[in-house]
Asks: 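Take a look at the following structure, please.
Here is how names work: the chains are called A, B, and so on, in the same order as the sequence lines, proteins then strands, and each is numbered from 1.
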Number of protein chains: 2
Amino acid sequence: MPRASLSPGAVVGLALRIVDEEGPDALTLSAVAGRAGVATPSLYKHVRGLAELRGLVSGRVLAELTEIAAEAVLGRSGDDALRALMDGWRSYAARHPHRYSVLVQAPLPETAEAGDRLVGVMLAALRAYGLEGSAAIHAVRCLRAVTHGFAVLEAEGAFRLAEDLDESYALLAHMVVSGLRTAREMSAADSTPGR
Amino acid sequence: MPRASLSPGAVVGLALRIVDEEGPDALTLSAVAGRAGVATPSLYKHVRGLAELRGLVSGRVLAELTEIAAEAVLGRSGDDALRALMDGWRSYAARHPHRYSVLVQAPLPETAEAGDRLVGVMLAALRAYGLEGSAAIHAVRCLRAVTHGFAVLEAEGAFRLAEDLDESYALLAHMVVSGLRTAREMSAADSTPGR
DNA sequence: GAATTTGGCTAATGCCATTAGCTTTACGGC
DNA sequence: GCCGTAAAGCTAATGGCATTAGCCAAATTC
């Protein structure tokens with residue numbers, strides 16, 4: 001009686017609702033089956049197992065994040081684009097903290113390709129800086145580390161003091177743009193003789 | 001026959017070895033008991049359960065990291081101290097990637113106090129910048145986000161391109177120090193009229 | 001309308017955490 | 001040197017979960 005009208009996509013959707021409402025640790029095949037009104041083993045007709053489901057969920061989250069980042073960058077460039085990208089990223093993570101936490105230890109092979117698209121968006125956001133080759137890669141890595149680091153810490157409630165988080169994030173964004181602006185000096189200074 | 005000479009500390013030690021060798025997901029009471037040469041329920045004489053063990057492990061890792069950060073900062077100040085702190089942090093995470101991953105979703109209450117000490121070290125490292133009150137908090141938050149973000153991504157193998165990671169990290173450090181150096185301008189610019 | 005594929009089911013297995021209750025060991029006081 | 005007690009181990013039992021196997025009904029297709 002295929003009445004539940006399930007599908008891999010629908011299963012991922014239910015999984016996301018569980019993650020949102022009860023946290024990543026509550027994501028269990030048994031819980032998904034419960035919401036679907038179906039016996040647990042039935043899920044195996046749509047998904048290879050819990051591990052694959054986790055990967056699919058992570059992929060979906062990463063896709064959403066990519067979408068948001070891409071929209072944020074649209075029609076902007078330079079510092080403006082960068083700040084918009086960072087703001088969009090953070091606000092997604094803040095809006096869906098549990099969902100974002102799923103990303104934290106997502107299985108690598110499954111999320112790699114989704115991540116590549118996000119990296120593409122970041123590269124585009126950095127285009128105005130005229131970074132070439134490796135320099136662009138290093139910049140993207142820093143951008144990833146910065147945004148992801150802040151998002152993870154905020155999502156898991158690691159910032160426990162009362163100071164305004166928006167201000168902290170503004171400083172972080174300032175670090176990125178000012179650091180990129182002065183990046184040439186850095187490598188110059190590095191190769192300068194005398195300490 | 002209390003011959004196994006276990007203790008909470010010894011249990012945490014075994015747990016750390018498991019984490020290092022088989023990854024955080026392999027940390028299970030049954031695995032620890034196996035290494036200890038003891039039946040699983042015996043562990044409950046030393047540890048309240050798996051959740052508490054995880055918390056203790058995270059606490060230990062955070063303590064190690066704090067130790068390393070503190071040593072790195074010793075006898076240095078300013079940019080020098082900051083870079084040493086960042087380098088020590090990253091090298092710890094790179095040396096013990098699985099151990100570092102444990103930190104990623106550690107139970108909050110258990111790791112909060114250990115984290116406070118680490119924050120203290122970071123505040124000390126920033127002392128030379130003369131940041132006052134909230135400004136210091138914002139700076140510490142950025143430092144945490146930056147180092148943690150990079151460490152997490154590196155530990156889980158998220159940087160998949162061939163470019164030298166040391167160079168990426170140097171750029172990140174440059175962002176931090178140059179951002180802090182120019183932080184005053186930022187808030188000035190923010191309150192400047194005319195966008 | 002019949003055949004095949006699809007999506008659901010029940011039953012069974014095994015691993016893990018956790019609890020309860022028993023037993024033996026080590027140790028401190030006499 | 002003996003004895004009582006508390007600590008640290010054990011076995012047995014329970015329950016949740018993932019996963020596999022094999023069955024059966026419903027939908028889809030010819």
Asks: If we count only N and O atoms by modelled type, under 3.5 Å, do the side chains of B:H46 and B:S7 hold a donor and an acceptor together?
Replies: no
Asks: Measuring centre to centre across the rings, with the benzene-like ring taken for any Trp, is B:Y100 within less than 6.0 Å of B:H148?
Replies: yes
Asks: With the threshold set at 4.0 Å, does a side-chain nitrogen-carboxylate oxygen contact exist between A:E21 and A:R35?
Replies: yes
Asks: Using OP1 and OP2 only, check whether a side-chain N or O of B:S42 sits under 4.0 Å from D:dA8.
Replies: no
Asks: Tell me: CG of B:D25 to C1' of C:dC15, nearest whole Å?
Replies: 15 Å
Asks: B:E22 has an atom CD; how far is it from atom P of C:dC16, in whole Å?
Replies: 11 Å
Asks: I need the CG-P distance between A:L43 and C:dT6, as an integer number of Å.
Replies: 18 Å
Asks: With salt bridge (Lys or Arg N to Asp or Glu O under 4.0 Å) as the rule and sequence neighbours excluded, what pairs involving residues 85-105 of chain A come up?
Replies: A:D20-A:R99, A:E64-A:R99, A:R90-A:E154, A:R90-A:D166
Asks: Is the closest side-chain heavy-atom distance between A:V61 and A:L16 below 4.5 Å?
Replies: yes
Asks: Can you tell me the distance, in whole Å, between the CZ atom of B:R54 and the C1' atom of C:dC16?
Replies: 12 Å
Asks: Starting at atom CG of A:L6, determine the distance to atom P of D:dA27, rounded to an integer number of angstrom.
Replies: 14 Å
Asks: Got A:L50 and A:T28 here, is their nearest side-chain heavy-atom distance under 4.5 Å?
Replies: no
Asks: Output a table of nitrogen or oxygen pairs between the protein and nucleotides 17-19 of chain D separated by less than 3.5 Å.
Replies:
residue: D:dC17; atom: O3'; partner: A:T28; partner atom: OG1; Å: 2.7
residue: D:dA18; atom: OP1; partner: A:T28; partner atom: OG1; Å: 2.6
residue: D:dA18; atom: OP1; partner: A:L29; partner atom: N; Å: 2.8
residue: D:dA18; atom: OP2; partner: A:T28; partner atom: OG1; Å: 3.2
residue: D:dA18; atom: OP2; partner: A:L29; partner atom: N; Å: 3.4
residue: D:dA18; atom: OP2; partner: A:S30; partner atom: N; Å: 2.8
residue: D:dT19; atom: OP2; partner: A:Y44; partner atom: OH; Å: 2.8
residue: D:dT19; atom: OP2; partner: A:L50; partner atom: N; Å: 2.8
residue: D:dT19; atom: O5'; partner: A:Y44; partner atom: OH; Å: 3.0

Asks: Report the distance from atom NZ of A:K45 to atom P of C:dG7, rounded to the nearest whole Å.
Replies: 8 Å
Asks: Quick one: is C:dG8 close enough that its OP1 or OP2 comes under 4.0 Å of any side-chain N or O from A:H46?
Replies: yes
